[in-house]
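Comments concern the structure below.
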Amino acid sequence: MTHKETGAEGVAALVAMDASAPSYPLNIGTAAELGVPLEKVQGTLVAIAPVVGSARVVSAARSIGEAFGIDIGTEDA
């Protein structure tokens, strides 16, 4: 397993655990330092959605946005 794969898997583990926003900068920052592009993190979210459920992925996206000060533009239904 390469370091790039490990970085993306760390993000997947956080999503599966429904981790809080402060957990993401450390892991996504580490993934970026390992050369994992943001597109790979996004792809990881899409890939794990059928396993962890869309609610967890949306929650993770909101937490990632909150952690990095990004407005992801989600609306509550």
Under a 4.5 Å side-chain heavy-atom rule over Ile, Leu, Val, Met, Phe, Trp and Tyr, are Met17 and Ile48 clustered together?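 Yes, same cluster.
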Tell me whether Phe68 shares a hydrophobic cluster with Val11, the cluster being built from Ile, Leu, Val, Met, Phe, Trp, Tyr side chains joined at under 4.5 Å.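 In one cluster with Phe68: Val11, yes.
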Straight-line distance of Ile64 CD1 to Leu14 CG, nearest 0.5 Å: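 Here the interatomic distance stands at 8.0 Å.
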For [X] versus [Y], what's the shortest heavy-atom pair and its separation?
X     : Y     : value
Val52 : Val57 : CG2-CG2, 3.9 Å
Ser59 : Asp18 : OG-OD1, 2.8 Å
Ala60 : Tyr24 : CB-OH, 3.4 Å
Ala21 : Ser63 : CB-O, 3.5 Å
Arg56 : Val15 : CD-O, 3.5 Å

Is the side chain of Ser23 donor-acceptor paired with the backbone N or O of Ala19 at a distance under 3.5 Å, no angle test?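 No; zero donor-acceptor contacts below 3.5 Å.
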What's the verdict on side-chain contact (heavy atoms from CB on, under 4.5 Å) for Val58 and Arg62, showing C-alpha distance, side-chain angles and the deciding distance? CA-CA 6 Å; Val58 170; Arg62 286 182 178 159; 4.1 Å; yes
